Amino acid sequence: MSFKYPLLEDAFSKADLKSAIKVIKSKRLTMSIKTKEFEKKFSKFFKTKYCLMLNSGSSANLLAFFALINPLKKNNLKQGDECLIPALCWSTSLWPIIQAGLKPKFIDVDLKTFSPSIEIIKKNITKKTKAIMLINVLGNCSDIDKIRNFARKRNIYLVEDNCESLGSIYRNKYLGTYGDFSTFSFYYSHQLTAGEGGMIVCKNKSDYLILKSLRAHGWDREISNKKNTFNFINQGFNLRPLDISAAIALSQLKRLKKMVSVRKSNRDRIVSSLKKSKKWNNQFSFFEANKFLSPSWFSIPLLLNKRFSKKKNLYLKKLEKYKIETRPIISGNFVNQPSIKLHKLKFKKKDFKNSQEIEDRGFFIGLPTKKISNKDLKRLTTCLLDIK
Ligand SMILES: Cc1ncc(COP(=O)(O)O)c(C=O)c1O
């Protein structure tokens with residue numbers, strides 16, 4: 001077969017599909033017992049009590065901010081309160097802040113972890129800062145415990161977008177359990193996939209009940225003991241997952257550790273093969289895990305050496321010809337996106353030097369969940385190093 005190195009490969013096993021078909025045959029497609037079972041198993045696996053499954057990671061981010069402003073929440077945020085967010089972000093890490101009526105303040109990221117360091121956070125915090133949206137990028141993270149402790153002391157809420165880092169363990173604790181609200185995505189290319197799906201994790205029962213009401217129409221179903229099942233205690237959305245997704249996710253969770261370890265081993269082999277090659281000439285630098293992290297890698301991000309910055313587009317076109325798919329790191333420096341201009345968000349471009357550098361020199365390639373063959377490894381190495 002001819003060589004191809006796609007961003008996404010087929011990550012479903014026969015058992016995953018069998019579980020999905022079983023749900024379809026039961027004709028109970030909507031959120032039901034499988035979702036509950038998955039929430040329970042997820043909670044046990046990640047050692048975090050309050051977990052609620054949703055239809056996407058974006059919905060999880062949306063609910064985090066709508067819970068923070070909800071009148072049922074004690075010390076809720078008020079319209080116009082400021083929330084820090086890295087300029088290197090995903091669209092739906094940002095927009096829920098604005099949709100909830102809060103004010104985003106973009107901050108830069110560290111070049112090593114692609115996430116804001118505690119120093120960057122401290123430099124940007126003001127009396128107006130009431131929340132921080134922190135993104136754990138592609139399996140990595142910054143000093144999240146320090147950021148959490150710093151935020152806690154100042155009564156600043158921490159939302160942890162862990163949509164790209166499911167399975168990473170920082171100082172013996174899974175990422176996605178550090179925030180007041182933490183979010184996960186089960187989209188196709190992610191470490192655990194249900195095709196589509198997400199999870200929101202919080203720290204106490206009252207937040208959990210708010211999230212539960214927001215997930216389904218503002219209903220009090222399964223929240224209070226009222227007999228009247230058409231009781232609406234809150235505003236709401238419909239962000240319920242399908243039980244089909246929950247069944248697939250349950251099946252994947254059983255082999256998550258194996259998938260994480262295969263991905264890690266593939267990454268190590270690829271990095272080592274590149275560095276050992278005769279053609280290795282520091283063409284790029286690699287994304288190294290935080291020293292306290294046991295990473296669950298999403299992909300292989302590469303930063304082209306400065307001497308090749310201007311050749312990046314030509315190089316990526318060449319890789320495309322070699323059938324190696326690439327994409328930007330998250331979505332680059334997000335302040336450059338047309339949607340920012342459309343919604344007239346304010347910022348000073350010079351404040352995001354590192355985010356811009358990651359956009360200018362960075363890209364990523366996929367990381368398969370099945371062992372890469374020696375033949376493909378050789379071909380990948382030769383193609384990736386073909387830049388002068
Ligand atoms: C950092 C980050 N947050 C949120 C999301 C949204 O997740 P979903 O695609 O499940 O809506 C993504 C998507 O990849 C992401 O990379």
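Just so you know, ligand 1 is whichever comes first in the structure, and atom 1 is the first atom listed for that ligand. Here the structure is a predicted model, which is why all the values come from computation and not from measurement. Reckoned from all heavy atoms, side chains included, excluding hydrogens, waters and symmetry mates.
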* **Under 4.0 Å to a heavy atom of Ser56 - the qualifying atoms of ligand 1, by number** => 10 (O), 11 (O)
* Below 4.0 Å from any atom of ligand 1, is there a heavy atom belonging to Gly198? -> no
* Heavy atom of the protein closest to atom 16 (O) of ligand 1 (residue, atom name, distance) -> Glu164 OE2, 2.6 Å
* **Numbered atoms of ligand 1 (with element) below 4.0 Å of Ile135, judged on heavy atoms** => 1 (C)
* Protein contact of atom 3 (N) of ligand 1 - nearest heavy atom, named by residue and atom, plus distance -> Asp161 OD2, 2.7 Å
* Of all the heavy-atom pairs spanning Ile120 and Val109, show the shortest one and how long it is. => CD1-C, 3.6 Å
* Asked: Considering only heavy atoms, does Asn61 approach ligand 1 within less than 4.0 Å through its side chain, its backbone, both, or neither?
  -> side chain
* **Cation-pi geometry met for Lys173 and Tyr178 (6.0 Å, 45°)** => yes
* Please check if atom NZ in Lys73 has more than 12 non-hydrogen atoms from other residues, nucleotides or ligands closer than 6.0 Å. => yes
* Asked: Among all residues two or more places apart in sequence or in another chain, which pass the salt bridge (charged side-chain N to carboxylate O under 4.0 Å, His left out) test with Asp145?
  -> Arg171
* Is any side-chain N of the basic residue among Arg255 and Asp16 closer than 4.0 Å to the acidic one's carboxylate O? -> yes
* Structure fact -> The atoms of ligand 1 lying under 4.0 Å from a heavy atom of His190, numbered in the order shown, are 13 (C), 14 (O)
* To do: May I ask you to identify the nearest protein heavy atom to atom 12 (C) of ligand 1, giving residue, atom name and distance to one decimal place in Å?
  => Trp90 CD1, 3.5 Å
* Flag for Tyr174-Asn162: side-chain donor and acceptor within less than 3.5 Å -> no
* Single-linkage hydrophobic cluster Leu158~Leu77, side-chain heavy atoms < 4.5 angstrom -> no
* Considering only NZ, NE, NH1 and NH2 on the basic side and carboxylate oxygens on the acidic side, decide whether Arg215 and Glu39 come within less than 4.0 Å. => yes
* **Taking atom 6 (C) of ligand 1 as the reference point, the nearest protein heavy atom with its distance** => Ser58 OG, 3.4 Å
* Asked: Just which atoms of ligand 1 are under 4.0 Å from any heavy atom in Thr92?
  -> 6 (C)
* Asked: Looking only at distance, does Gly57 have an N or O less than 3.5 Å from an N or O of ligand 1?
  -> yes
* Does Ser185 reach ligand 1 with a nitrogen or oxygen that is under 3.5 Å from one of the ligand's nitrogen or oxygen atoms? -> yes
